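Here's the structure we're looking at; comments come further down.
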Amino acid sequence: MAEHEKKVLTVQDISCVGQCSLTVALPIISACGIETAILPSAVLSTHTGGFSGWTFRDLTDDIPGIVDHWEKEKISFDAIYTGYLGSKRQIALVKDIFERLAAPSCVRVVDPAMADNGQLYYGFDEAFAHEMATLCGVADIALPNITEAAMMTDMPFLAEGYDESYIKELMTRVLALGAKTVVLTGVSYKEGELGVAVLSRGDSAISYYFHERLPKSCHGTGDIFASAFVGGLVSGKTPLEAATLAADFTLCGIRLTQQDETHWYGTKFERALPMLVRELNK
Ligand code: PXL
């Protein structure tokens with residue numbers, strides 16, 4: 001019999017144009033050689049970060065029927081990765097998916113995907129952030145940025161000038177929500193440097209991967225990072241190795257985007273995919 005090939009389910013919206021959420025997760029995880037099933041939480045004409053007048057079709061009512069069908073077909077997943085979710089009800093449905101569609105030793109990865117740079121994305125409020133905290137509480141791995149971690153744990157958001165005690169407190173509070181491992185993005189202690197921090201329950205110290213901070217930030221990098229992280233993790237890498245791979249891939253995408261000054265709405269990750277696959281198979 002063929003070796004058990006791992007299967008990932010990712011639950012997030014389809015922003016038809018905008019290089020984020022499912023249009024990023026599906027190609028990236030697939031490029032890692034992993035079968036990727038999708039559960040779209042909503043269909044938008046574009047993402048909400050910089051466009052105006054987008055359409056939004058909520059698919060919450062379709063989710064229970066899809067899950068019932070998969071369960072009847074005995075379909076289960078080795079990893080379930082959730083990103084942008086549109087409502088508190090969807091968060092409850094994802095918790096149900098975690099219970100019903102997880103294969104033995106399934107890894108549940110939650111990217112809270114709701115805020116950045118100290119601000120919630122359009123349409124979210126504090127109550128949603130607290131609900132998202134409960135979803136991170138049932139995750140094996142939570143992947144917040146500093147804004148999301150602060151909002152979920154009622155800590156102040158500090159854009160800069162913090163030290164390790166602030167980061168440690170943030171990460172410890174995310175673990176206290178119930179997550180087994182927290183991977184915190186956007187950490188910087190020095191000008192020109194940016195990185196990702198990893199802390200699991202029982203660890204005595206935070207592990208880091210730092211890289212150069214590029215002058216431009218791009219939309220969708222959180223989703224690109226999370227997708228490549230899931231690809232690495234499901235391929236057998238440790239959380240720190242997967243975070244390192246994902247950060248390098250994201251950086252490569254930003255570099256490609258910086259060359260095109262007209263490309264404001266997303267990150268040109270596509271031509272970086274060969275690099276991801278090469279690094280993954282090293
Ligand atoms: O990249 C996160 C994201 C996902 N989906 C939608 C968004 C955003 C961020 O703005 O608007 C619809």
Side-chain angles (χ1 to χ4, degrees), residues 8-29 36 38-60 62-63 80-91 93-94 109-126 128-129 131-133 135-136 139 142-152 157 183-186 194 196 216-231 246-247 249-251 253-254 256-257 263-270 272:
V8 172
L9 169 65
T10 181
V11 188
Q12 45 192 316
D13 72 283
I14 297 181
S15 289
C16 299
V17 168
Q19 288 168 311
C20 69
S21 43
L22 280 184
T23 66
V24 157
L26 181 57
I28 292 175
I29 304 171
T36 310
I38 60 165
L39 182 44
S41 55
V43 180
L44 293 85
S45 51
T46 66
H47 62 64
T48 66
F51 293 100
S52 57
W54 60 85
T55 69
F56 184 104
R57 174 153 320 262
D58 181 37
L59 297 179
T60 308
D62 292 284
I63 295 176
I80 302 175
Y81 151 43
T82 73
Y84 182 102
L85 299 172
S87 65
K88 287 207 245 175
R89 199 175 139 223
Q90 283 187 354
I91 292 176
L93 287 168
V94 166
V109 179
V110 174
D111 175 358
M114 60 184 174
D116 206 0
N117 302 315
Q119 284 198 321
L120 285 159
Y121 296 151
Y122 179 91
F124 293 132
D125 58 16
E126 218 174 283
F128 182 86
E131 202 64 29
M132 189 54 94
L135 187 60
C136 285
L143 287 180
N145 57 36
I146 293 178
T147 304
E148 291 157 345
M151 285 178 174
M152 291 193 297
F157 165 71
V183 176
L184 185 71
T185 57
L194 193 65
V196 49
K216 195 178 151 186
S217 66
C218 297
H219 193 276
T221 47
D223 298 344
I224 291 170
F225 175 86
S227 302
F229 176 85
V230 169
F249 173 61
T250 307
L251 228 64
I254 298 172
L256 289 166
T257 312
H263 198 85
W264 62 269
Y265 60 79
T267 306
K268 297 170 107 174
F269 69 94
E270 296 86 352

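Everything quoted here is computed from the prediction, not taken from an experiment. These numbers come from the heavy atoms of this one structure, side chains and all, not from hydrogens, waters or symmetry mates. Nothing fancy with the numbering, it's 1 onward along the sequence. As the structure lists them, so they are numbered: ligands from 1, and atoms in each ligand from 1.
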Among all the protein's non-hydrogen atoms, which is closest to [atom], and how far away is it?
atom: atom 10 (O) of ligand 1; value: His219 NE2, 3.2 Å
atom: atom 5 (N) of ligand 1; value: Asp13 OD1, 2.8 Å
atom: atom 12 (C) of ligand 1; value: Ser15 OG, 3.3 Å
atom: atom 8 (C) of ligand 1; value: Tyr84 CD1, 3.8 Å
atom: atom 2 (C) of ligand 1; value: Asp223 OD2, 3.4 Å

Check whether [X] reaches the backbone of [Y] with its side chain - one donor and one acceptor, N or O, closer than 3.5 Å.
X: Thr257; Y: Lys268; value: yes
X: Thr147; Y: Asn117; value: yes
X: Thr46; Y: Gly18; value: no
X: Gln19; Y: Tyr265; value: no
X: Glu131; Y: Ile91; value: no
X: Thr267; Y: His219; value: yes

### Short N or O distance, Thr48 and ligand 1, threshold 3.5 Å exclusive
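Right, the criterion is met.
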
### Query
Hey, does Tyr121 come in under 3.5 Å of ligand 1, counting only N/O atoms on both sides?
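No: no nitrogen or oxygen of Tyr121 is under 3.5 Å from one in ligand 1.
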
### Ring centroid separation Tyr84 to Phe124 under 6.0 Å
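Yes.
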
### Query
Using a heavy-atom cut-off of under 4.0 Å, does the side chain or the backbone of Gln12 touch ligand 1, or both, or neither?
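It is neither; nothing of Gln12 touches ligand 1.
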
#### Entry: Residue portion contacting ligand 1 (non-hydrogen atoms closer than 4.0 Å) for Leu44
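Under 4.0 Å from ligand 1, Leu44 contributes side-chain atoms alone.
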
### Query
Can you tell me if Ala113 has a non-hydrogen atom under 4.0 Å from ligand 1?
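Contact check Ala113 vs ligand 1: negative.
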
